[in-house]
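To start, the structure under review is shown below, and the notes come after it.
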2 protein chains.
Amino acid sequence: MFLIQTLDLICGINMKSSYYISEYKMPLKDYFIFGLSIDCVVFGYHEGEIKVLLVQRDAEPFKGHWALIGDLVDPEQNLLDAANNVLEKLTGLKNIYMKQFFTFGSVDRHPLGRVVTVGYFSLVNSIDHHPIASSWAKSAEWFNINHLPELAFDHQSILTKGIETLKNDVRHKPTGFELLPDKFTLLELQLLYEALLGYKFDKSNFRKKILEMNILKPLNEVKENVSHRPAKLFRFDEKRYRILEQNGFSFEL
Amino acid sequence: MFLIQTLDLICGINMKSSYYISEYKMPLKDYFIFGLSIDCVVFGYHEGEIKVLLVQRDAEPFKGHWALIGDLVDPEQNLLDAANNVLEKLTGLKNIYMKQFFTFGSVDRHPLGRVVTVGYFSLVNSIDHHPIASSWAKSAEWFNINHLPELAFDHQSILTKGIETLKNDVRHKPTGFELLPDKFTLLELQLLYEALLGYKFDKSNFRKKILEMNILKPLNEVKENVSHRPAKLFRFDEKRYRILEQNGFSFEL
DNA sequence: AATACTTAAAGTAAAAAATACTATAAGTAT
DNA sequence: ATACTTATAGTATTTTTTACTTTAAGTATT
């Protein structure tokens, strides 16, 4: 499948300029020296705060610094598969919401050579799972996105861009639901959106607005073990949302 | 700067697992065989239609098919520089609005090997400039985005994603201005947005809305050579927009 | 020079939506 | 039984959006 070994041969029969515009400065195979990695911004939500999962490096360079979870991509692996693998290895979680948000490719960003990294973010509701078992990281921790430590490599800019993308998505798509447990109350939803957007909603109006959208499926259950009137539980109705979306509905809060 | 030649040496002294999580299946250097390319979706606007610039391939594979403009990235070149180069080589245009929108990395997407491509889109107002001079393309043409020919490689999906991103951006950011000449009338702006969004605005209300945003600078000039009352010309005031944006203003049409 | 025609630009009333606030219901804890 | 907490429904006011009307300012024609 990979023809790189025969590239020079191909070039020999004048394929050099047949694929692309450039007059190449060097043999075609010298263009095939990029490394590709995934860096994953894992968001969680706990007690009114948006968190991000970081691991502490136990090896040089940047020993002791915190970093995003990431890994080199195997040349036979698709990007999204690689991203899912990275997350699964660290947290054991599968089938998590994942979204590619930006690709970082500064020439100098990595000491090993020209490593281009694709940034993904994922939204996780079970903030407890993070069994760390890695040869290069000694611990993993959730950090409030407003109180971050110093990060390794260019992970600060990756994280910043990831946060920016999340905050932007949240305003126009029902993104946040992935951060809540499957069943949630309207107040829990409101508090999440307040944390994400950074401002308060009027309780009554928030309820009205979100219910009128018709994207929540009411369950015949109520919150248990609360010392006050228990609230009804809802579930996000993704199917319905997709239908509404196709008919021109747009989610706005 | 590039340490790839010495990677195996490094691996020899047990750096293998110090950067990343994985226990690698093969020598580290075998991960550095990716090619990286840029594919650029060039949007234009002419007589009420949104257009995209395509070139026709004059070489196998996909000879005769239309394709996005693109090229391999030089290992010593930053991504955005590479994207700007691609555009400049084909159109001669510099300092064009460019935005990275998605990275495509299917294992099988390219016959030369594992080539990951970063998708950019650009917005161009001078739809006339496209002096084609290339060894692999015989012509360049603007296509209405609703009437596209069959495309080479996976360019159909890249283009689709690019169009989707543009249409999405347009609703929440003042993106479209780059498609108009520097000075424009309110009706011209309205017609552009109608083409981009696919529905009509009430003229009077559109004017009111956009002027109240305070992101247009009125000029002391009017449209010339028209056979009716000439409209005032405006210019997009990007500086002002940035300030408003930081204060929480969000562009919505 | 008067008239017709086209588009610009301003204004206005009705409808809809967002907002702020009030009242009541349904549960737990003491 | 009473106090307390949160859920849930409702309503009146303000603001925004929408649909429509009127007037102004230019060109082209007769």
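Side chains included, hydrogens not; waters and symmetry mates left out as well; all remaining heavy atoms used. Residue numbers begin at 1 in each chain, while the letters A, B, ... track the order of the sequences.
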Using the ring pair (Phe, Tyr, Trp, His ring centres under 6.0 Å) rule, collect all pairs that involve residues 233-253 of chain B, keeping only residues at least two apart or in two chains. B/Phe177-B/Phe236

Using salt bridge (Lys or Arg N to Asp or Glu O under 4.0 Å) as the criterion, list what pairs up with [X], not counting sequence neighbours.
X        : result
A/Arg235 : A/Asp182
B/Asp81  : none
B/Lys167 : none
A/Glu178 : none

Whole Å only: how far is the NZ atom of B/Lys203 from the P atom of D/dT18? 18 Å

Can you pull the salt bridge (Lys or Arg N to Asp or Glu O under 4.0 Å) pairs that have at least one residue in residues 203-218 of chain A, sequence neighbours excluded? none

Of all pairs that satisfy salt bridge (Lys or Arg N to Asp or Glu O under 4.0 Å), the ones with a partner from residues 241-253 of chain A, not counting sequence neighbours: A/Glu238-A/Arg242, A/Arg242-A/Glu245

Tabulate protein N/O versus nucleotide N/O from nucleotides 14-17 of chain C, keeping only pairs under 3.5 Å, one per line.
none

Of the residues in residues 183-199 of chain B, which ones touch DNA chain C at a heavy-atom distance under 4.0 Å?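 Only B/Leu187 qualify.
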
Axis-to-axis angle between the two ends of the helix from C/dA1-D/dT30 to C/dT30-D/dA1 (five base pairs per end, rounded to 10 degrees): 0°

Between the protein and nucleotides 9-13 of chain D, list every N/O to N/O distance that falls short of 3.5 Å.
residue	atom	partner	partner atom	Å
D/dA9	N6	A/Ser204	OG	3.3
D/dG10	O6	A/Ser204	OG	2.6
D/dT11	O4	A/Lys208	NZ	3.0

Check: A/Phe43 ring centre within less than 6.0 Å of A/Tyr45 ring centre: no

Do A/Pro149 and A/Phe143 have side chains that approach each other closer than 4.5 Å (heavy atoms only, starting at C-beta)? yes

Provide a list of protein-nucleic acid N or O atom pairs under 3.5 angstrom, restricted to nucleotides 3-5 of chain C.
none

